[in-house]
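Here the structure is laid out as structure tokens; the discussion comes afterwards.
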Amino acid sequence: MNGQEHGFGNHLLIALPSMCDPNFERSVTLVCQHDGEGAMGVMVNRASEYTVGEILKQMGVSCDDAELRDQKVLSGGPVHPERGFVLHDGETTWDSTLKVGDGLFLTTSRDVLEAMARGNGPPQALVALGCAGWGAGQLEQELVDDSWLLVPNRRDVLFELPLAQRWKAAAGSIGVDLVNHASHSGHA
């Protein structure tokens, strides 16, 4: 890799129809970190079986905000499915926070969830269990193998669109219609 950093961080990985791995079929993953050692991201379009209220209750944190309690926790990926990740915007920094992009952060500590429960958390946040990970060179190879489409991040995909619309909308941001995309491709 010649020691150079790749620009995949703060980009969306969209699983192409040719993606065979059921963990990632029709998924949209925000790449949070990417360097010579590999990549890490969080899927942003798949609900888990949990709500934020259930997670807060397990943590022993009370929350009066019914909308927050009812918010679906996302299935962030197959790696560390027991670990919580909060993808959020805002200016406040929390313990164990990784800057993903301008005003976009990934936090793994409970203090951000406690602040959300008190009503003074970040303006927009997604809570996910688990993440996705790739070893050195693995993501680059999967891109060459036409498993993924890489597009610039879009805040509306992360925080505004319903989960069911995120896959097509993310690809549509660069003019790709995944419904009519071939499930295989060739290389000249």
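A quick note: this is a predicted structure, and the numbers were derived from the prediction, not measured. Reckoned from all heavy atoms, side chains included, excluding hydrogens, waters and symmetry mates.
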Partner of Leu126 by side chain to side chain contact (heavy atoms under 4.5 Å, CB included), out of Val86, Val44, Leu30, Val52: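 Only one option passes, and that is Val44.
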Checking [X] side chain against [Y] main chain: does a donor-acceptor pair fall under 3.5 Å?
X      : Y      : answer
Gln141 : Gln138 : no
Trp167 : Ala15  : yes
Arg166 : Leu161 : yes
Gln124 : Glu160 : no
Asp145 : Ser147 : no
Asn45  : Arg26  : yes
Ser96  : Thr108 : no
Ser173 : Val151 : no
Arg154 : Ala169 : yes

Pairwise distance [atom1]([X]) to [atom2]([Y]) - rounded to 0.5 angstrom:
X     : Y      : atom1 : atom2 : answer
Asp89 : Arg155 : CG    : CZ    : 6.0 Å
Met59 : Glu54  : CE    : CD    : 14.0 Å
Thr29 : Leu150 : OG1   : CG    : 11.0 Å
Met43 : Ser75  : CE    : OG    : 4.5 Å
Ser18 : Glu25  : OG    : CD    : 10.5 Å

Smallest separation among heavy atoms of [X] and [Y], with atom names:
X      : Y      : result
Pro81  : Leu129 : O-CB, 3.4 Å
Ala39  : Leu139 : CB-CD2, 3.8 Å
Gly101 : Asn10  : CA-ND2, 3.7 Å
Ala117 : Val61  : CB-CG1, 3.5 Å
Ser27  : Arg46  : CB-NH2, 4.0 Å
Ala125 : Gln71  : O-NE2, 3.3 Å

Side chain to side chain contact (heavy atoms under 4.5 Å, CB included) assessment of Thr97 paired with Thr107: CA-CA 4 Å; Thr97 295; Thr107 301; 2.8 Å; yes
task: Quick one: which residue pairs count as a salt bridge (charged side-chain N to carboxylate O under 4.0 Å, His left out) with a foot in residues 110-125, not counting sequence neighbours?
output: Arg110-Glu114
Under 4.5 Å between side-chain heavy atoms, hopping through other hydrophobics if needed: is there a path connecting [X] to [Y]?
X      : Y      : result
Leu68  : Val112 : yes
Val100 : Ile14  : yes
Trp94  : Met40  : no
Val28  : Leu104 : yes
Met116 : Leu106 : no

- request: Might you confirm whether atom CZ of Phe159 has over 12 heavy atoms from other residues, nucleotides or ligands at distances under 6.0 Å?
  value: yes
message: If you count every heavy atom of other residues, nucleotides or ligands that lies below 6.0 Å from Asn120 atom CG, does the total exceed 12?
response: yes
Parallel, tilted or perpendicular: rings of Phe8 and His34 (30°, 60°):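 The arrangement is parallel - the two ring planes meet at less than 30°.
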message: Applying side chain to side chain contact (heavy atoms under 4.5 Å, CB included) to Leu74 and Leu163, what does each step give before you reach the verdict?
response: CA-CA 9 Å; Leu74 300 180; Leu163 297 180; 3.7 Å; yes
- prompt: So, do Trp148 and Phe24 have ring centers that fall under 6.0 Å from each other?
  reply: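 Aromatic pair counts; centres sit under 6.0 Å.
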